[in-house]
Peer 1: 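Attaching a single structure in structure tokens format; questions to follow.
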Amino acid sequence: MISRVAFIGLGVMGYPMAGHLARAGLDVAVYNRTGAKAEAWVKAYGGRHAATPALAAEGAEAVFLCVGNDQDLHQVTLGEDGAVSALSTGAVLVDHTTASATMARTLDQACREQGAHFIDAPVSGGQQGAENGQLSVMCGGEEAAFERVAPVLDHYGKSVVLMGPAGSGQLTKMANQICVGAAIQGVAEAIAFARDAGLDAEKAMQVIGAGAGSSWQLLNRHQTMIADEYDHGFAVDWMRKDLMICLAEANRTGTPLPVTAQINEFYKDIQAMGGGRWDTSSLLRRLRRRD
């Protein structure tokens, strides 16, 4: 059973995810590019703060990552003092970053050369899901390595599923983001339509939420959308990054994604409005520009 781990990347997702591991009694070493964040985490949860990703990974049975994008991921794994060089034989590197499937396969090969294993494991559920330990974890990699780390992932995952070989987790996350973007745009348009038609938008969403038009986005975001509040949840800048990964992969496979491409442009509009750090439900604010 895994007991000694490292967690690299203590952002809005990684900070509480690493916290769940510490609360579960695991020995956790953490690394974050902003050292003060790592020191604050250690003060809150115990464990130790490592000065580099390699030092965090040294001696760990499993190393977990949650950073921003492919470039960040490369830096903390394969760059100078990266975690991969310090992996013990048989250790498992688990990446929770939403990144490209190509990067996942690159890390899988690098881990193999080190005598270690790799699982790409992007998550869905946002900051709230991370804090509540209710994330959906989509994994790619070897079944034996997955079985070793699955009990650890259960500490913050309500659904932990192996989807196939390395890269499969990232491909599943891309499909997830396609669904999320379309659902939020649908809710935004429904609220705008209800309001302009003279309906009580809140009451309309409650009725729709009890029927076939319901979705997680409608149930959990319609009230803040109606209130024009977008200071929570997953940021537009990150969603655009994810959708660009989706569109690049779709271009490679020849899969048409017309709705996703359009929503990506809508988020580009929001960035131009100064809303890069607004959460993704701000698609309604874009529609309200004419108000």
Side-chain angles (χ1 to χ4, degrees), residues 11-13 68-69 98-99 122-132 134-136 138 171-251 255-291:
V12 295
M13 301 291 289
N69 52 37
T98 297
V123 300
S124 179
Q127 182 177 352
Q128 181 180 349
E131 291 173 351
N132 295 334
Q134 294 290 301
L135 294 169
S136 175
M138 314 157 203
L171 293 171
T172 305
K173 180 61 183 289
M174 293 175 207
N176 180 84
Q177 298 305 72
I178 290 168
C179 290
V180 168
I184 297 173
Q185 179 64 16
V187 175
E189 292 186 14
I191 292 172
F193 176 83
R195 179 198 60 207
D196 292 348
L199 294 173
D200 180 324
E202 168 63 28
K203 186 180 292 186
M205 293 306 105
Q206 289 178 6
V207 172
I208 294 167
S214 186
S215 67
W216 187 97
Q217 299 298 334
L218 188 151
L219 294 176
N220 290 274
R221 291 289 179 260
H222 79 268
Q223 290 181 323
T224 50
M225 291 170 76
I226 291 170
D228 198 37
E229 297 173 355
Y230 305 110
D231 56 354
H232 60 276
F234 191 59
V236 166
D237 286 341
W238 293 118
M239 185 59 160
R240 274 217 76 206
K241 181 265 293 184
D242 290 0
L243 293 181
M244 292 297 289
I245 292 172
C246 295
L247 292 168
E249 186 67 26
N251 184 60
T255 307
L257 298 179
V259 174
T260 303
Q262 186 66 73
I263 292 170
N264 182 54
E265 291 301 310
F266 292 165
Y267 280 126
K268 184 178 179 180
D269 291 344
I270 293 172
Q271 288 176 317
M273 294 165 60
R277 302 307 300 170
W278 300 342
D279 75 75
T280 51
S281 63
S282 56
L283 285 169
L284 179 59
R285 184 172 285 179
R286 177 186 171 276
L287 289 175
R288 282 176 158 168
R289 288 180 300 179
R290 62 188 175 83
D291 290 358

Peer 1: In chain order, what residues pass the side-chain hydrogen bond (donor to acceptor under 3.5 Å, both in side chains) check against S281, with sequence neighbours excluded?
Peer 2: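 Once residues adjacent in sequence are excluded, the partners of S281 under the side-chain hydrogen bond (donor to acceptor under 3.5 Å, both in side chains) criterion are D279.
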Peer 1: Could you tell me the separation between the CZ atom of R277 and the CD1 atom of I270, rounded to the nearest 0.5 Å?
Peer 2: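 R277 atom CZ to I270 atom CD1 measures 13.5 Å (nearest 0.5 Å).
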Peer 1: Which atom names give the shortest non-hydrogen contact between G126 and L135, and what distance separates them?
Peer 2: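 Reported closest heavy-atom pair: O-CD2, 3.7 Å.
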Peer 1: How would you list all residue pairs meeting salt bridge (charged side-chain N to carboxylate O under 4.0 Å, His left out) that involve residues 197-210, not counting sequence neighbours?
Peer 2: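 Listed by first then second residue: nothing to list.
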Peer 1: Can you list everything that forms a side-chain contact (heavy atoms from CB on, under 4.5 Å) with N176? Sequence neighbours excluded, please.
Peer 2: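 By the side-chain contact (heavy atoms from CB on, under 4.5 Å) rule, N176 matches S124, M138, K173, V180.
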Peer 1: Return the minimal non-hydrogen interatomic distance between Q177 and C246, and the atom names on each side.
Peer 2: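 What the structure gives for the nearest pair is CB-SG, 4.2 Å.
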Peer 1: Side chains of Y267 and D237: does their closest heavy-atom pair fall under 4.5 Å?
Peer 2: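 Contact flag for Y267/D237 side chains = no.
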Peer 1: With sequence neighbours left out, write down each residue that passes salt bridge (charged side-chain N to carboxylate O under 4.0 Å, His left out) with D228, or none if nothing qualifies.
Peer 2: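 By the salt bridge (charged side-chain N to carboxylate O under 4.0 Å, His left out) rule, D228 matches R285, R288.
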Peer 1: Could you go through the side chain to side chain contact (heavy atoms under 4.5 Å, CB included) check for V12 and W238 one step at a time?
Peer 2: CA-CA 12 Å; V12 295; W238 293 118; over 6 Å; no
Peer 1: About how many Å separate NZ of K241 and CD1 of I245, when rounded to the nearest 0.5 Å?
Peer 2: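 The NZ atom of K241 is 4.5 Å from CD1 of I245, to the nearest 0.5 Å.
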Peer 1: Which atom names give the shortest non-hydrogen contact between E189 and Q185, and what distance separates them?
Peer 2: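 In this case the closest contact between E189 and Q185 is OE2-NE2, 2.7 Å.
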Peer 1: So which heavy atom on G209 is nearest to which on S214, and how close?
Peer 2: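 So the two residues come closest at O-OG, 3.0 Å.
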Peer 1: If you apply the rule side chain to side chain contact (heavy atoms under 4.5 Å, CB included), what do you find for T280 with R221, and how did you get there?
Peer 2: CA-CA 10 Å; T280 51; R221 291 289 179 260; 5.9 Å; no
Peer 1: Identify the heavy atoms of M239 and G181 that sit nearest to each other, and give their distance.
Peer 2: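 M239 and G181 have their closest heavy atoms at CE-N, 3.7 Å.
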Peer 1: The criterion is side-chain contact (heavy atoms from CB on, under 4.5 Å); which residues satisfy it with T255, sequence neighbours excluded?
Peer 2: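 Counting only residues at least two positions away or on another chain, T255 forms a side-chain contact (heavy atoms from CB on, under 4.5 Å) with A250, T253, L257.
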Peer 1: Please enumerate all residues that pass side-chain hydrogen bond (donor to acceptor under 3.5 Å, both in side chains) together with E265, with sequence neighbours excluded.
Peer 2: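 For E265, no residue satisfies side-chain hydrogen bond (donor to acceptor under 3.5 Å, both in side chains) once neighbours in sequence are set aside.
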Peer 1: Considering all heavy atoms of both residues, which atom of L284 and which atom of A188 are nearest to each other, and what is their separation?
Peer 2: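 Residues L284 and A188, closest heavy atoms: CD1-O, 3.4 Å.
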Peer 1: Tell me, please, which residues at least two apart from I208 pass side-chain contact (heavy atoms from CB on, under 4.5 Å).
Peer 2: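 Partners of I208 by the side-chain contact (heavy atoms from CB on, under 4.5 Å) criterion, ordered by chain and then number, come out as M205, L218.
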Peer 1: Can you name the side-chain hydrogen bond (donor to acceptor under 3.5 Å, both in side chains) partners of Q127, sequence neighbours left out?
Peer 2: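 E131.
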Peer 1: Apply side-chain hydrogen bond (donor to acceptor under 3.5 Å, both in side chains) to R240 and list each qualifying residue two or more places apart in sequence or on a separate chain.
Peer 2: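 R240 satisfies side-chain hydrogen bond (donor to acceptor under 3.5 Å, both in side chains) with N264, Q271 once adjacent residues are dropped.
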Peer 1: Looking at residues at least two apart in the chain, or sitting in another chain, which of them share a salt bridge (charged side-chain N to carboxylate O under 4.0 Å, His left out) with E249?
Peer 2: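 Here the qualifying residues are R252.
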Peer 1: Between CD1 of I226 and CD1 of I191, what distance do you get to the nearest 0.5 Å?
Peer 2: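 I226 CD1 to I191 CD1: 4.5 Å, rounded to 0.5 Å.
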Peer 1: I'd like to check the side-chain contact (heavy atoms from CB on, under 4.5 Å) partners of A204; sequence neighbours left out, ordered by chain and number.
Peer 2: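 So A204 forms a side-chain contact (heavy atoms from CB on, under 4.5 Å) with A194.
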